[in-house]
Structure formats: structure tokens, C-alpha cells
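Notes to accompany the following structure.
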Amino acid sequence: MKFQENIDLSSYNTFQVSCLAKYFCVVESKEDFLKVIETEIYQNNKILFLGWWSNILLTQDTYDGLVIKNEIKGKEVITEDDDEMVIKVWSGENRDSFVKRSIKKGLYGIENLISIPGTVWAAPMQNIWAYGVEVGNLISNVGWIDLPSKAEIILAQYECNFGYRNSVFKQELNKLFFIDSVSFRLKKYSPESYQAHNEYWAIKTKLEEKWIDDDQITPIVMAETIAEIRESKLPDRKSTGTAGSFFKNPIVSKEQHKKLQQLDSSIKGYPLSFEGKNIPMVKLNAGQLIDLAWLKGLQQGNVGTYHKHALILVNNWGWTWKELVALSQRIQKIVFESFGVKIEPEVNFVD
Ligand code: EPU
């Protein structure tokens with residue numbers, strides 16, 4: 001196993017933040033990984049796993065430990081019948097390529113999650129959710145290695161405790177695991193069986209604009225439409241440092257939402273349910289609150305909020321993590337002072 005030293009991580013995180021890793025290595029198979037964890041460098045250092053880091057903010061100039069880059073790739077059909085397929089995907093695979101290949105192969109379920117950068121690893125970690133589809137509902141199981149015991153474990157979907165941007169991997173198992181594979185259960189497309197998730201207002205509007213009727217909607221149409229929506233309001237990650245949504249949408253009581261609406265009637269709130277029953281909580285749009293606080297398009301030094309979507313922090317001229325942390329704290333403070341609502345980062349701060 002080859003360990004490199006003093007590696008600059010700026011090209012490995014979508015924020016393009018500079019940080020020097022003391023040690024760095026690449027694993028291309030589960031066996032590689034099992035070898036790494038037997039080494040002294042692994043055992044004597046703190047560890048960071050690197051997939052794509054599209055949702056990570058490095059908050060140090062140097063990382064005094066070992067960064068393990070996961071390039072475990074490949075996929076395998078586990079079961080198949082007339083209606084669906086279960087496909088095991090190794091965790092270092094590019095998630096968007098998997099989404100696109102699945103659609104091309106005539107599978108559906110995952111098309112609303114098009115154009116989200118990252119590796120398969122992060123799908124169960126943060127239970128990726130976009131445009132009315134939650135990846136947790138498509139996951140059959142997750143294969144992972146329990147780091148303290150080195151045992152290889154498979155967790156069924158119901159054991160993953162998927163919630164809004166949350167899972168068992170972020171909670172009880174935090175830092176004690178290495179995800180090696182994720183199995184997805186996808187449906188086979190036929191015009192009769194296809195049920196598109198097109199309830200989201202932005203999708204409906206875009207489909208109407210394109211003169212597409214309900215009976216013309218296919219997984220490909222959905223994927224193209226969502227890719228267009230994303231492109232129109234999110235920055236191009238190739239030229240701009242960003243991690244997408246920086247904050248989570250806050251959850252407040254119905255009473256608090258009512259009070260907020262007295263302040264500004266446009267403040268949206270989406271009722272939440274638990275196990276099919278409505279609960280007295282609503283999800284607000286952090287982006288809207290930041291926008292209403294006049295912070296959309298704000299520029300602070302090298303960093304700012306994106307002019308087309310206030311929830312997204314962008315780097316135009318090569319920022320440092322310090323500027324970003326300062327900007328995010330300023331946004332949190334102003335939103336709290338304006339609305340009494342605490343917004344929490346969705347991006348993981350790593351030190
Ligand atoms: N809004 C504003 N001003 C803004 C931004 C948004 O008023 O500057 C309002 C919009 O008008 C809209 C509402 O807020 O009514 C919701 O906006 P959007 O549809 O963009 O959704 P979001 O809640 O801001 C979430 C995810 C996104 C995901 C979209 C679509 C979170 C933290 N973010 O954003 O995820 O793409 O829904 O489903 O839940 C990401 O994680 O990187 C990401 C982009």
C-alpha cells in the first residue's frame with residue numbers, strides 16, 4: 001500500500017478549499033481497505049474518508065492525519081424479476097453516472113436524483129433527497145465494515161433510520177464505519193406501471209413550460225427536466241467552489257410558522273408527517289428566509305451567496321475556509337435576528 005505525504009486536498013473537495021493532508025492513500029477494493037487498516041499509519045493517526053467531498057467543508061489549513069480516498073468501483077445485479085432489479089454498487093462509484101446508466105437501462109425510481117455530484121457512499125450517509133424523492137426509499141441494504149471489530153455487516157433499509165438528511169451512519173455509527181457498497185432496488189419501466197414523482201412545484205412548472213402532458217412523462221423526460229431546473233438555479237461546480245445547499249431547511253412548530261406568516265405572509269411551510277400521520281411541525285425553506293433577510297447575492301470578501309439561490313454559498317476567487325465559516329455564521333445570526341429561526345449547516349465541517 002502506497003502512502004503519499006503532504007497532499008493538497010483542494011482538488012478533492014467541491015468547495016476547492018486548500019488543506020494539506022499529512023498522509024494520503026487510495027483504496028480500489030475492499031481488500032485494499034482491509035490492508036490499510038492493519039498499517040501503523042492507519043492505527044496511529046486520525047482518519048478521514050474521501051469520496052467526492054461535495055458536502056464537506058475542511059476547516060483547517062492542514063489535516064494532521066490520514067486521508068483515505070475511496071475508489072472502490074463496480075456494480076452487480078443481485079436479483080431481477082419482471083418488475084424490478086436490485087443492483088449492488090460499490091461505494092466509490094460516481095452516483096450521477098449510476099443514475100444516468102440506470103435510466104438508460106430502462107429502470108426508474110432514481111431519475112429525480114439526477115445531477116447531484118458525489119459518490120455512492122454519501123447516498124445512505126445523508127439520505128440524499130431532491131425533488132420529492134428520498135434515496136433511502138430506493139436502498140435495499142448497505143454493506144459496511146465496523147471499524148472497531150473489522151466485522152463486515154449488511155444493514156437492511158429499515159435498520160438505517162433514514163430521516164431528513166440523516167441516517168444511522170450520521171448518528172449512532174458516526175465515524176465507526178466504512179461503507180463499501182449500497183444496493184438499490186429500482187423498477188423496470190413500462191408506460192403502464194410508471195408513476196412519476198412530479199408533484200414538486202418546480203417540476204410541474206417546467207413540464208408545463210415544455211408543453212409536456214402527464215401521459216408523455218417518462219423517466220428520461222423527468223431526468224432531463226430536473227437537470228434543466230438544477231442547471232438554471234445552481235452554480236456550475238466546475239468553475240465555482242460550492243457544496244450546494246449550505247444549510248438544512250429548519251423544522252419548526254405549526255404555531256411558530258403561523259407567527260412567521262404574520263410577519264411575512266409569503267413564508268412557506270410544508271407540513272410534516274410521521275408514519276403516515278400529520279405531526280404539528282412544518283419544514284421551512286432556509287433559502288427563502290435568507291433571501292427575505294436580503295442576503296441573496298451577498299458578497300463578503302471572496303465568498304458569497306449565489307445570486308440565483310440564497311441557500312448556496314459560492315466561492316468566486318479562491319476562498320479560505322475561514323471566510324466561509326465567518327459568512328455562514330453571519331447568515332445564521334441575521335436569519336435568527338430577523339425570524340427567530342435557527343438554521344443549521346447541512347454541510348459537514350471537518351477539522
Ligand atoms: N427560495 C427563495 N429564495 C431563494 C431560494 C429558494 O425564495 O433564494 C424559495 C423558492 O422560491 C422555493 C423554496 O424556497 O419556493 C424552495 O426552493 P428549492 O426548490 O430550491 O428547494 P430547497 O428547499 O431550497 C432543497 C434541497 C436541495 C434540492 C431541492 C430540490 C435542502 C437543504 N436542499 O432545497 O438540495 O435540490 O430541495 O428538491 O433540503 C443540495 O443538497 O445541495 C441541494 C441543492
Side-chain angles (χ1 to χ4, degrees), residues 13-15 52-57 95-96 99 110-119 122-123 125-137 162-167 170 196-207 222-223 225-237 240-252 257 260-261 264-272 282-298 304-315 328 331-332 334-335 338-339 341-348:
N13 67 94
T14 61
F15 266 135
W52 193 297
W53 280 352
S54 54
N55 206 37
I56 291 256
L57 175 61
R95 208 176 43 234
D96 195 38
V99 171
I110 205 161
E111 60 280 9
N112 288 33
L113 303 181
I114 191 136
S115 301
I116 305 178
T119 56
M125 262 292 279
Q126 62 199 62
N127 187 20
I128 286 162
W129 170 95
Y131 297 98
V133 170
E134 184 178 323
V135 82
N137 290 330
F162 289 125
Y164 171 61
R165 307 256 150 165
N166 210 348
S167 73
K170 273 192 155 177
H197 281 286
N198 59 343
E199 308 82 12
Y200 208 77
W201 65 273
I203 303 176
K204 276 194 183 304
T205 311
K206 193 78 181 172
L207 288 169
M222 285 295 285
T225 305
I226 289 165
E228 282 169 34
I229 298 170
R230 292 189 77 94
E231 210 174 295
S232 68
K233 65 175 186 180
L234 303 181
D236 178 2
R237 296 194 193 223
T240 312
T242 184
S245 305
F246 194 89
F247 298 100
K248 286 191 263 198
N249 285 327
I251 292 170
V252 301
H257 179 229
L260 284 167
Q261 283 193 315
D264 185 327
S265 60
S266 74
I267 294 180
K268 293 173 188 166
Y270 304 91
L272 294 181
V282 293
K283 190 156 79 176
L284 308 177
N285 282 127
Q288 188 191 23
L289 298 182
I290 299 169
D291 191 352
L292 289 172
W294 297 85
L295 297 170
K296 185 162 158 178
L298 167 83
T305 55
Y306 191 49
H307 65 285
K308 291 187 189 170
H309 202 299
L311 192 55
I312 292 167
L313 304 196
V314 289
N315 161 33
S328 70
I331 293 171
Q332 282 176 306
I334 294 176
V335 168
S338 309
F339 305 107
V341 176
K342 242 178 132 179
I343 52 170
E344 299 290 347
E346 196 230 341
V347 162
N348 298 304

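In each ligand, atom 1 is the first atom listed, and ligand 1 is the first ligand listed. Values in this document were obtained by computation on a predicted structure and should not be read as measured data.
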**Q.** Residue pair Gly136 / Asn127: nearest heavy atoms and the distance that separates them
**A.** N-OD1, 2.8 Å

**Q.** Reference residue Asp96; test side-chain contact (heavy atoms from CB on, under 4.5 Å); the match among Thr119, Ile114, Ile116, Leu113
**A.** Ile114

(Q) Distance under 4.0 Å, heavy atoms only, partner ligand 1: which residues pass? (A) Trp129, Ala130, Tyr131, Tyr164, Arg165, Tyr200, Trp201, Arg230, Lys233, Gly244, Ser245, Phe247, Asn249, Lys268, Asn285, Gly287, Gln288, Asp291, Lys296, His309, Ala310, Leu311, Glu346

Q.
If you count heavy atoms of other groups shown closer than 6.0 angstrom to CD of Glu231, is the number above 12?
A. no

(Q) Does Lys233, at its NZ atom, have more than 12 non-hydrogen atoms belonging to other residues, nucleotides or ligands within less than 6.0 Å? (A) yes

Q | Passing option when Arg165 is tested against Glu134, Gln126, Glu346 for side-chain hydrogen bond (donor to acceptor under 3.5 Å, both in side chains) | A | Glu346

Please tabulate, one pair per line, all N/O donor-acceptor pairs under 3.5 Å involving side-chain atoms of residues 286-298, not counting sequence neighbours.
{"from": "Gln288", "atom 1": "OE1", "to": "Lys268", "atom 2": "N", "distance (Å)": "3.0"}
{"from": "Gln288", "atom 1": "NE2", "to": "Ser266", "atom 2": "O", "distance (Å)": "2.8"}
{"from": "Asp291", "atom 1": "OD2", "to": "Lys296", "atom 2": "NZ", "distance (Å)": "3.3"}

